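Read the numbers this way: they start at 1 and go in the same order the structure lists the ligands and their atoms. Predicted, not measured: the structure shown is a model, and the values here were computed from it. Every heavy atom of this structure was used, including side-chain atoms; hydrogens, water molecules and symmetry mates were not.
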Amino acid sequence: MKVFEDSLHQRALQIPIQETPWSCLNQYGITLLVRRDDCIDKHQSGNKLYKLFYNLEAAKKLGLKTVLSFGGAYSNHLYALAAGGYDCGIQTLGVVRGQRPIQLSPTLQDAEAWGMKLHFVSRDAYRAKLTTAFLADLRERYGDFYLLPEGGANDEGARGAKVIGWAIEQQLRGDYACVCVPCGTGNTLAGIAAGLPPQKTALGFSVLKGAGDLGINISASYRGCFGRQAGSGCETGVPSESEAGGWRLISGYHLGGYAKKLPERVRYFWHSLEAETGLLIDPVYGLKMFWGIAQLASQGYWAQGARIVAVHTGGLQGRRGFT
Ligand SMILES: *Cc1c(COP(=O)(O)O)cnc(C)c1O
């Protein structure tokens, strides 16, 4: 499947937004609408396809044959990048935190099978991954490359995620209260908010324990969605910042932090959520969003009759790292 053969906007419009029964909301008279971006592609699942789309395009335009990015052993981002690069004939290079293990994780095995070169570095080196010296060393070894930040979190990434917000409004024509999405870097949240009309808000549920600079990064990504490409003749028209929706970061539902062991009651919640909705949910991102949504509903955050859109961002390959 070639990502460039059809427009990202066209693909986004074909993603179903399903009214899904879920007692955690239905008991308060609230409706859950799940946007199934987990189904957009077998390997570039969920938000990662959107975040990669304009990046792969930019690399091609710049004439760069390699895209380099970063991640851990179960990274959804590296996995999607390897698959996306394979699909469109771009060499990919993954800088991975930690020693190369004897047995690669299933995620990295797949990435290698799609032709991604893996470059393992110590945790200290990984922290210094954006320094000039580190990057110069990589360019010496592998030649020139398109530098894609960890998680695909740059302006091109947010611009791709913006298409999700745009598509939701096209599909539902205003008949929803807000859009919920899990947040790692917050790049997807920023993009979705930028794609929504002014009276709609995107709510991001942070999966990280300390939010740190998250708010600052989201603001920067949000602004990055306007400007440069504004008025560039994009087939859909690009709204200005004042015509776009806002975002809100919700940080109380990270359940101990990134990829931490889940408490028993949360495992129970996870299994009943899957049984009731018929969805498969990844524990690192999606589960925390649904957990947060359930808590907010029980606190009366939404009025009776509200219709809540939850974006299923995929990431199911990561379940393999979670036994
Ligand atoms: C990467 C990822 C996210 C987080 O996206 P950000 O743009 O970094 O906030 C959410 N859900 C899943 C499944 C992901 O893989």
Handout entry: For Asn187, the ligand 1 atoms whose distance to one of its heavy atoms is below 4.0 Å
Key = 7 (O), 9 (O)

For residues 174-181, which side-chain donor-acceptor pairs fall under 3.5 Å, sequence neighbours excluded?
| unit_1 | atom_1 | unit_2 | atom_2 | d |
| --- | --- | --- | --- | --- |
| Asp175 | OD1 | Arg307 | NE | 3.4 |
| Asp175 | OD2 | Arg307 | NE | 3.4 |
| Tyr176 | OH | Glu169 | OE1 | 2.6 |

Problem - Modelled atom types, side-chain donor and acceptor of Tyr142 and His119, under 3.5 Å - result: yes

Practice task
Measure the distance from atom 4 (C) of ligand 1 to every protein heavy atom, then report the residue, atom name and distance (to 0.1 Å) of the closest one.
Solution key: Gly184 N, 3.4 Å

Problem - CD (Gln299) with more than 12 external heavy atoms under 6.0 Å - result: yes

Completion exercise
To atom 3 (C) of ligand 1, the nearest of Asn47, Ile218, Asp37, Thr313 on a heavy-atom basis is Asn47

Practice task
Starting from atom 8 (O) of ligand 1, find the nearest protein heavy-atom neighbour and note its residue, name and distance.
Solution key: Thr185 OG1, 2.6 Å

Fill in the blank from the handout: Near Gly186 (heavy-atom distance under 4.0 Å), the atoms of ligand 1 are 6 (P), 8 (O), 9 (O)

Handout entry: Pair Gln317-Thr107, side-chain donor/acceptor within less than 3.5 Å
Key = yes

Practice task
Indicate yes or no: does an N/O atom of Gly314 lie under 3.5 Å from an N/O atom of ligand 1?
Solution key: no

Problem - Any donor-acceptor pair under 3.5 Å from Lys288 side chain to Pro182 backbone - result: no

Practice task
Please say whether Asn76 places an N or O atom under 3.5 Å from an N or O atom belonging to ligand 1.
Solution key: yes

Exercise for the section: Classify the side-chain pair Tyr50/Asp37 by whether it contains a donor and acceptor separated by less than 3.5 Å. Expected result: yes

Exercise for the section: Answer side chain, backbone, both or neither: which part of Lys51 comes under 4.0 Å from ligand 1, heavy atoms only. Expected result: side chain

Practice task
Give yes or no for whether the N/O distance cutoff of 3.5 Å, strictly under, is met between Pro182 and ligand 1.
Solution key: no

Problem - atom 10 (C) of ligand 1: the protein heavy-atom neighbour that sits closest, reported with distance to 0.1 Å - result: Tyr285 CD2, 3.3 Å

Exercise for the section: Check whether the side chains of Ser298 and Gln295 place a donor and an acceptor atom closer than 3.5 Å, and report yes or no. Expected result: no

Problem - Subset of ligand 1 atoms that lie under 4.0 Å from at least one heavy atom of Gly315 - result: 13 (C)

Handout entry: Ala190: partners by side chain to side chain contact (heavy atoms under 4.5 Å, CB included), with sequence neighbours left out
Key = Ile218, Ser221, Tyr222

Practice task
Ignoring angles and geometry beyond distance, decide whether Asp282 reaches within less than 3.5 Å of ligand 1 through its nitrogen or oxygen atoms.
Solution key: no

Problem - contact_flag Cys183 ligand 1 heavy-atom lt 4.0 Å - result: yes

Exercise for the section: May I ask you to list the atoms of ligand 1 that are less than 4.0 angstrom from any heavy atom of Thr188? Expected result: 5 (O), 6 (P), 7 (O)

Handout entry: Test item: Lys60 side-chain N/O and Cys88 main-chain N/O as donor-acceptor pair under 3.5 Å
Key = yes

Exercise for the section: Give a yes/no verdict on whether any heavy atom in Lys48 is under 4.0 Å from an atom of ligand 1. Expected result: yes

Problem - Geometric cation-pi criterion Lys117 and Phe145, 6.0 Å radius, 45° cone - result: no

